[in-house]
Amino acid sequence: MNNINQILFPYVVQAVSQTFSVELTEQSIQFQDTRKEFEGDTTLVVFPITKFVKQGPEQLANAIGEYLVQHCPVVKQYNVVKGFLNLVIEDTYWLDAFQTMLKEEHWGREAENSRPRIMVEYSSPNTNKPLHLGHLRNNFLGYSVAEILKAAGHKVTKVQIINDRGIHICKSMYAWQASGKNDTPESTGLKGDKLVGQYYVAFDQQYKAEIADLIQGGMSKEDAENNAPSMLAAQDMLRKWENGDEAVTSLWKMMNQWVYTGFEVTYRNMGVDFDKLYFESETYLKGKEEVEKGLSKGVFFKKDDGSTWIDLTNEGLDEKAVLRKDGTAMYITQDIGTAILRFEDFPDTAAQIYTVGNEQEYHFKVLFKILAKLGWSQSDACHHLSYGMVELPEGKMKSREGTVVDADDLMESMKDESRLMAEEQGKLDGLTTEEKDLTYHKIGMAALKYFLMRVDPKKNMMFNPQESIDFNGNTGPFIQYGYVRTQAILRKANWITGVDLVINGEVEMVGEERNLIKLLFAYPQFLSESAKKYDPSVMAAFAYELTKTFNVFYQHCNILREENVDIKTFRLNLTSLTGQCIQSSMSLLGIQMPEKM
RNA sequence: GAUCUCGUAGCUCAGUUGGAUAGAGCAUCUGCCUUCUAAGCAGACGGUCAGGGGUUCGAAUCCCUUCGGGAUCACCA
């Protein structure tokens with residue numbers, strides 16, 4: 001089905017060529033949505049055309065408008081304001097569009113697996129502390145982009161890389177061992193990630209104290225940091241781990257397992273999942289191998305001290321180390337290994353999307369250049385889905401200063417708030433305890449997810465825990481509420497989707513219905529823009545706009561009370577399709593719809 | 001210091017490749033529930049689009065510059 005502007009395009013070309021004998025370029029024909037205060041469905045901006053035709057904008061607009069009304073069957077009438085030609089499209093066009101949408105099984109979505117595989121990486125936490133607000137933004141964005149790409153027809157594989165290796169986890173391990181308490185998640189009743197996180201904090205405190213002591217004893221700050229006993233012990237553990245020391249390895253396995261078990265709970269609450277996990281402990285050696293291979297091909301070079309580098313100065317970047325002088329792997333090394341492993345695991349992968357904070361933009365520029373130089377042509381299509389920080393009123397989140405907003409706590413408090421609100425209103429009274437609980441969860445998560453995803457991913461955003469997150473206005477619950485209304489009406493009408501498709505051609509549309517149909521018809525454009533930009537906020541804006549438009553329709557038009565059967569059927573179909581589209585677009589944000597609220 | 005990025009209403013954010021009188025929500029104030037769920041609808045108030053210059057029929061948008069916030073520039077991850 002064609003977009004209205006695509007239909008009009010050739011007629012505009014004809015109008016100008018027949019009236020003025022001038023052939024227009026594609027660029028000179030610009031359409032935009034008609035502003036609300038004027039009458040019309042779409043608007044031709046004629047200023048660019050005045051460059052080709054020696055006419056004043058208004059005369060020109062009138063001439064084109066006249067031609068279109070006479071020759072283009074979908075154009076009903078026109079009006080001209082300055083250099084803007086507002087076109088009113090025939091109702092039959094919108095009714096046809098509506099019929100088309102109703103016949104689709106999933107209006108707006110592309111056929112499954114009609115486009116190449118894209119791998120989306122997100123989450124990728126360290127295994128030494130619990131997930132926080134920043135991880136929520138990461139997970140929600142990554143999951144949502146994956147769903148959006150899927151809806152746009154791509155095969156999608158959701159992955160994460162788990163940073164299970166390195167000094168950070170050894171710090172927690174050392175602190176746990178040094179405490180001598182043999183705490184476990186079972187013995188303390190704590191979530192595994194929380195328990196391990198406590199020991200990470202404990203390590204940091206001890207380390208700080210030791211540094212202070214050493215400095216007081218006359219040592220320089222740098223020496224103190226390098227020689228503090230706890231740091232030496234953690235480093236010793238890391239060496240033992242790399243050498244496969246049995247005791248250290250089993251401690252490492254046990255504590256990582258605690259963290260994974262804890263994370264699983266958090267992921268389940270977040271509503272995100274993964275198709276395949278990669279562990280740094282398994283990919284960093286692969287990275288080293290690939291660097292060795294690249295070295296022999298001349299992509300990398302060795303410096304005199306034995307470290308391995310790549311020269312990216314021709315690409316406008318710097319020289320970058322890829323192996324230390326002792327031959328050990330760095331952060332970038334394992335990323336090279338992971339990327340290549342993924343291309344090998346899924347050879348049809350056209351691109352990898354990395355959902356990682358914007359502070360790593362340089363890192364990914366380097367990584368993609370390296371992959372290209374190693375001969376992976378897919379690297380051109382790879383993309384760093386770079387997102388900004390979530391800032392608190394007092395500034396950045398800092399774990400040391402206790403200003404971290406914990407992911408589990410936040411999700412729980414959102415749910416509590418939705419419970420309070422629902423209990424006050426008593427609209428869920430008929431439901432079982434389980435059903436109520438699920439509804440509170442859906443509403444709380446909708447508020448949280450929508451809040452984090454309605455803003456442009458690349459921008460830093462503000463989160464104020466005191467004022468918390470709203471449930472009114474431009475919010476997730478507002479959209480859910482609109483959906484709940486559609487379902488309540490359909491329930492009362494005993495509506496079965498797809499049964500009463502008959503629309504009598506005599507139906508005369510009112511403005512509220514037209515606006516709703518126009519917006520529903522634009523769903524695929526919003527989806528493709530969202531997919532193209534890897535930007536869930538486009539879908540969020542669409543869902544909000546759609547719900548608002550429905551609410552106006554709902555408020556001003558009778559549906560169940562409508563006496564004319566044709567109009568009633570038409571409006572019920574409209575309600576049904578709107579409900580579907582709200583649910584569909586919100587599901588792309590990972591937001592679920594309750595049936596009642 | 002260099003590079004990148006952001007600065008829009010009291011607050012949180014939209015604003016497509018330059019297009020009409022810069023839009024939403026929150027907050028404040030007014031109306032609307034005996035009739036499809038008021039987590040809603042209708043309205044009021046609120047702007048030197050950080051400042052200055054340029055490009056042109058036209059600039060929040062593009063270019064230059066100043067100011068202010070953030071990020072990056074490791075044999076850290």
Side-chain angles (χ1 to χ4, degrees), chain A residues 27 30 32-38 43 45-48 50-51 57 81-84 86 126 163 165-168 280 303 305-309 316-318 320-328 330-335 357-363 365 386 388-389 391 393 395-396 418 421-422 424-425 427 443 447 451 454-456 458-464 467 469-482 484-493 525 529 533 537-538 540-541 544-545 547-548 550-552 554-562 571-572 575 596-597:
Chain A
Q27 278 186 334
Q30 288 182 20
Q32 64 185 42
D33 290 342
T34 306
R35 297 196 128 225
K36 273 180 248 162
E37 57 267 38
F38 302 110
T43 295
V45 185
V46 299
F47 292 108
T50 56
K51 284 176 188 159
V81 181
K82 295 182 194 169
F84 298 90
N86 300 322
N126 286 338
N163 298 307
R165 179 191 79 99
I167 192 75
H168 54 85
E280 189 187 328
K303 287 199 174 177
D305 64 5
S307 55
T308 306
W309 294 70
L317 303 172
D318 240 326
K320 171 80 185 171
V322 292
L323 283 180
R324 296 193 186 91
K325 65 184 167 203
D326 61 5
T328 53
M330 301 169 61
Y331 181 56
I332 188 101
T333 322
Q334 72 87 14
D335 261 1
N358 61 10
E359 71 275 8
Q360 295 200 30
E361 269 165 19
Y362 185 77
H363 171 80
K365 270 186 203 166
S386 165
M389 256 181 308
E391 287 165 357
K396 274 197 266 179
S418 75
M421 199 148 172
E424 201 177 298
Q425 304 189 354
K427 288 179 185 171
I443 297 172
F451 179 85
R454 60 178 271 250
V455 307
D456 187 339
K458 69 172 191 283
K459 288 188 179 175
N460 287 0
M461 66 180 295
M462 177 63 71
F463 175 78
N464 189 334
E467 292 173 13
I469 293 173
D470 244 300
F471 287 73
N472 299 312
N474 188 355
T475 66
F478 170 94
I479 296 167
Q480 289 178 315
Y481 189 72
V484 165
R485 277 177 156 174
T486 64
Q487 300 311 292
I489 287 175
L490 297 175
R491 254 196 316 272
K492 289 192 178 166
Q525 282 146 264
E529 189 195 342
K533 291 165 71 177
S537 74
V538 174
Y544 176 61
E545 198 59 37
T547 305
K548 235 176 26 162
F550 175 76
N551 279 340
V552 174
Y554 174 90
Q555 207 83 204
H556 296 276
C557 299
N558 289 334
I559 302 169
L560 293 175
R561 289 184 302 241
E562 174 58 48
R571 288 183 179 167
L572 280 168
T575 303
K596 291 182 178 175
M597 69 187 279

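Proteins get letters first, then strands, A, B, ... in listed order; numbering begins at 1 in each.
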**Message:** I want to verify a distance call: between B/rG40, B/rA22, B/rA24, whose nearest atom is closest to the A/Lys36 side chain?
**Reply:** B/rA24
**Asked** Given B/rU37, is OP1 or OP2 found less than 4.0 Å from the side-chain N or O atoms of A/Arg491?
**Response** no
**Prompt:** Taking C-beta and beyond as the side chain, do A/Leu323 and A/Trp309 meet within less than 4.5 Å on heavy atoms?
**Reply:** no
**Prompt:** Has A/Phe47 got its ring stacked on the base of B/rG19, with centres under 5.5 Å and planes less than 30° apart?
**Reply:** yes
**Message:** Can you confirm whether the side chains of A/Ser386 and A/Glu361 place a donor and an acceptor under 3.5 Å from each other?
**Reply:** yes
**Request:** Would you classify A/Arg561 as touching base, sugar-phosphate or nothing, given that sugar-phosphate means primed atoms plus P, OP1 and OP2, and contacts are heavy atoms under 4.0 Å?
**Result:** base
**Message:** Considering every strand and a 4.0 Å limit on heavy-atom distances, what is the contact class for A/Pro57: base, sugar-phosphate, or nothing?
**Reply:** nothing
**Asked** Base, sugar-phosphate alone, or nothing: which one does A/Lys51 contact when heavy atoms must sit under 4.0 Å apart?
**Response** base
**Item:** side chain to side chain contact (heavy atoms under 4.5 Å, CB included) partners for A/Lys365, two or more places apart
**Value:** A/Leu317
**Prompt:** According to the 5.5 Å centroid and 30° plane-angle thresholds, does A/Phe84 stack upon the nucleobase of B/rA20?
**Reply:** yes
**Request:** Identify, with sequence neighbours excluded, every residue that meets side chain to side chain donor-acceptor pair (under 3.5 Å) alongside A/Arg571.
**Result:** A/Glu513, A/Glu562
**Request:** In whole angstrom, give the distance that lies between atom CG of A/Leu490 and atom P of B/rC36.
**Result:** 16 Å
